[in-house]
Amino acid sequence: MNSEKWLEALKSSDQLFNKTMAIEVWAIAKTMDDLFPGFWNRFMANRRAALKQFIKQKTAEKAAQRNSIQTKKSE
């Protein structure tokens with residue numbers, strides 16, 4: 001098997017894995033929503049809040065790195 005065919009098989013396998021994981025997550029969420037109505041809405045609200053916090057943290061870290069680099073250059 002040449003490298004191009006190997007890479008294509010790897011990509012296909014990765015896509016299949018991602019689709020399988022998406023189905024599993026959906027099944028868990030559906031089950032939880034059946035057991036605890038409103039679970040999915042609360043989960044998504046928490047996920048959005050966590051993502052916003054993560055982005056804010058990463059943005060602050062990058063700004064601090066840029067400031068540090070600029071400070072070192074000016075010294």
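Predicted, not measured: the structure shown is a model, and the values here were computed from it. These numbers come from the heavy atoms of this one structure, side chains and all, not from hydrogens, waters or symmetry mates.
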Roughly how far, to the nearest 0.5 Å, is [atom2] of [Y] from [atom1] of [X]?
| X | Y | atom1 | atom2 | answer |
| --- | --- | --- | --- | --- |
| Asn41 | Asn46 | CG | CG | 11.0 Å |
| Trp40 | Asp34 | CH2 | CG | 13.0 Å |
| Asn18 | Met21 | CG | CE | 8.5 Å |

Does [X] use its side chain to pair, donor to acceptor, with the backbone of [Y] at less than 3.5 Å?
| X | Y | answer |
| --- | --- | --- |
| Thr20 | Leu16 | yes |
| Thr59 | Ile55 | yes |
| Ser68 | Ala64 | no |

When you look at Phe43 and Met32, which way does the side-chain contact (heavy atoms from CB on, under 4.5 Å) test go after all the steps? CA-CA 10 Å; Phe43 173 81; Met32 292 300 293; over 6 Å; no
Please list, chain by chain and in numerical order, all residues satisfying side-chain contact (heavy atoms from CB on, under 4.5 Å) with Glu4, sequence neighbours excluded.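 Counting only residues at least two positions away or on another chain, Glu4 forms a side-chain contact (heavy atoms from CB on, under 4.5 Å) with Asn2.
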Within the 4.5 Å heavy-atom criterion, are Arg66 and Lys62 side-chain neighbours or not? yes
Please walk me through it: do Lys5 and Glu8 pass salt bridge (Lys or Arg N to Asp or Glu O under 4.0 Å)? CA-CA 5 Å; Lys5 287 183 180 179; Glu8 193 59 40; over 6 Å; no
Under 4.5 Å between side-chain heavy atoms, counting indirect links through other Ile/Leu/Val/Met/Phe/Trp/Tyr residues: same cluster for Ile28 and Phe36 or not? yes
Under 4.5 Å between side-chain heavy atoms, counting indirect links through other Ile/Leu/Val/Met/Phe/Trp/Tyr residues: same cluster for Met44 and Leu35 or not?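 As far as the 4.5 Å side-chain criterion goes, Leu35 and Met44 are connected within one cluster.
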